[in-house]
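Everything quoted here is computed from the prediction, not taken from an experiment. All residue numbers in this chain count up from 1 along the given sequence. We count ligands from 1, going down the list as the structure has it; atoms in each ligand are counted the same way.
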Amino acid sequence: MRNIYSIKKVKKYLNNNKVIAIPTETVYGLAGNAYSDEAVKKIFALKKRPKFNPLIVHYNKLSNLKKDCYIDINFKKLYKKFCPGPLTFVLKKKPSSKLSKYVNKNKKTVAVRFPKHKITQEILKNINFPLAAPSANMFSKLSPVSASDVKEEFKKKIKYIVDGGKSKIGLESTIINLVGKPTILRPGGIEPEKIQKILKKKIKINKNFKKILSPGQLRFHYSPGIPIRLNAKKPKKNEAFIQFKKKSKSYKNYFYLSKRGDIKEAGKKLYTLLRLLKNMKYKSISISKIPNEGLGIAINDRLKRASYK
Ligand code: TXA
Ligand code: MG
């Protein structure tokens, strides 16, 4: 059952540098006051996240973001089209910013976004600071797309989980670096093609698995904890088999991402299905080819990392 969330309690926790889980349209986040060293350190500790991996800061107003970083014409164009929404910008941090140095490990840049979820927008309106929030999973594991996923990840270690229903997109935000030549550091909820259309130029997608541009883009991220075999035509014995769309013939170990082959639906279902198969105690998963365009680029990125040994 969904808990009735109390803005009063949420404010109390956040104002006291506590960490809570919040819903967003992409995935659930583990949120704390981005201006507080204490809160930000707690986030890293809870997630067991390496310190070199910086966090995304969440805002609800452009005027607030401008206190912390510089914006340019590319930002303005993308902001107008996609915000609030699943797009994260890497921008230059202002020296006068009050952001905790732990958010971005003293780097000159900071990753920022405007989440599109009514409850989280309301929370941001009721506090006087932005929220640092990584995905609410233990380091390198599957990201949560519901309050119960968060509970499964952290048990009782989180004081408060705000239940905002299932995440509409189900994949993390697209990260675009706007310091220097615009580059997509992580494909995600906004399709690269749409970004190119707005900026009117070809944007490089960072596919170099070895060179870590976005430090969190480690190869072995997003893992359900069991082996995954990509581009499979059929399953091996005892393997769960995920198909992109539902084929006519089906066995009990056959699953699909979207009945009618809709890429958005597939993206939304991906983490939930991987989590389910792990909980069903399958020892391994095979997965059929996913079209590599639009949201499919983000899905394939996550699968590649999830399958990395
Ligand atoms: O959809 C999302 O973006 C979710 C929700 C909760 O907003 N958050 C999320 O956060 O996915 P996280 O921490 O799981 O991933 C953040 C990514 C990491 O890969 C990190 O390395 C990158 O953002 N990042 C953060 N700051 C950066 C910076 N200054 N430069 C380059 N990459 C950065
Ligand atoms: Mg994450």
Side-chain angles (χ1 to χ4, degrees), residues 19-32 34 40 43-44 46-60 68-69 82-93 97 99-117 119-121 123-124 130-146 149-150 153 162 164 167-180 182-190 206 209 211-223 267-268 271 298 301-302 305-306:
V19 172
I20 63 168
I22 55 166
T24 88
E25 80 281 25
T26 56
V27 300
Y28 273 65
L30 201 56
V40 173
I43 296 174
F44 277 94
L46 263 170
K47 249 187 97 97
K48 298 203 165 73
R49 179 174 178 118
K51 302 247 178 348
F52 63 78
N53 192 358
L55 306 179
I56 296 176
V57 182
H58 298 66
Y59 295 86
N60 70 324
D68 295 324
C69 32
F82 300 116
C83 296
L87 184 59
T88 293
F89 306 91
V90 172
L91 301 174
K92 214 170 146 206
K93 187 177 148 181
S97 157
L99 286 171
S100 161
K101 58 182 183 293
Y102 298 102
V103 162
N104 61 340
K105 183 84 195 332
N106 271 328
K107 275 162 74 95
K108 294 208 165 70
T109 60
V110 59
V112 293
R113 91 173 187 95
F114 298 85
K116 191 178 182 175
H117 191 294
I119 294 180
T120 289
Q121 288 172 339
I123 293 172
L124 285 165
L131 288 173
S135 51
N137 51 282
M138 298 304 273
F139 172 63
S140 88
K141 295 293 184 246
L142 276 179
S143 303
V145 291
S146 72
D149 290 352
V150 179
E153 285 285 321
V162 179
S167 296
K168 283 214 170 91
I169 292 175
L171 294 168
E172 293 83 352
S173 60
T174 299
I175 303 179
I176 185 162
N177 185 1
L178 293 180
V179 181
T183 311
I184 292 178
L185 302 180
R186 174 178 77 183
I190 300 278
N206 166 38
F209 272 51
K211 197 169 153 215
I212 300 166
L213 285 175
S214 210
Q217 285 299 77
L218 301 169
R219 281 175 284 188
F220 50 88
H221 254 156
Y222 312 106
S223 163
K268 186 174 174 185
Y271 290 148
D301 171 82
R302 302 305 186 271
R305 291 175 209 279

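Between I176 and I190 the shortest side-chain heavy-atom distance does not fall below 4.5 Å. Annotation: side chain of P115 is in contact with side chain of L124 (closest heavy-atom distance under 4.5 Å). In this structure, S143 and T26 have side chains that are not in contact, with every pair of non-hydrogen atoms separated by 4.5 Å or more.
Here the shortest heavy-atom distance to atom 30 (N) of ligand 1, taken over T26, N104, V90, belongs to V90. With atom 15 (O) of ligand 1 as the reference point, the heavy atom nearest to it among R186, E172, E25, K92 is part of R186.
Under the side chain to side chain donor-acceptor pair (under 3.5 Å) criterion, S146 pairs with S148, D149, not counting sequence neighbours.
For the pair R113 and E172, the salt-bridge criterion is not met [side-chain N within less than 4.0 Å of a carboxylate O].
In this structure, Y271 and Y222 have parallel ring planes: the angle between them is below the 30° cut-off, well short of the 60° mark.
At least one heavy atom of I175 lies less than 4.0 angstrom from ligand 1.
Under 2.8 Å from the Mg ion (ligand 2), one finds the following protein N/O/S atoms: S135 OG.
The line from OG1 of T174 to CZ of R186 is 8.0 Å long, rounded to the nearest 0.5 Å. Taking OG from S167 and CD from E25, the interatomic distance works out to 8.0 Å, rounded to the nearest 0.5 Å. Interatomic distance, CG of L131 versus OH of Y59, reported as 10.0 Å (0.5 Å rounding).
Distances between N or O atoms of S135 and those of ligand 1 include at least one value under 3.5 Å. Among the atoms of T109, some N or O lies under 3.5 angstrom from an N or O of ligand 1. At a 3.5 angstrom cut-off on N or O pairs, S173 counts as close to ligand 1.
Other residues, nucleotides and ligands place more than 12 heavy atoms under 6.0 Å from the NZ atom of K47.
Contacts of L55 with ligand 1, taken as heavy-atom pairs under 4.0 Å, involve the backbone alone.
Residue P134 approaches ligand 1 through these ligand atoms, each under 4.0 Å from one of its heavy atoms: 10 (O), 12 (P), 13 (O). In the vicinity of G29, heavy-atom distances shorter than 4.0 Å reach the ligand 1 atoms 6 (C).
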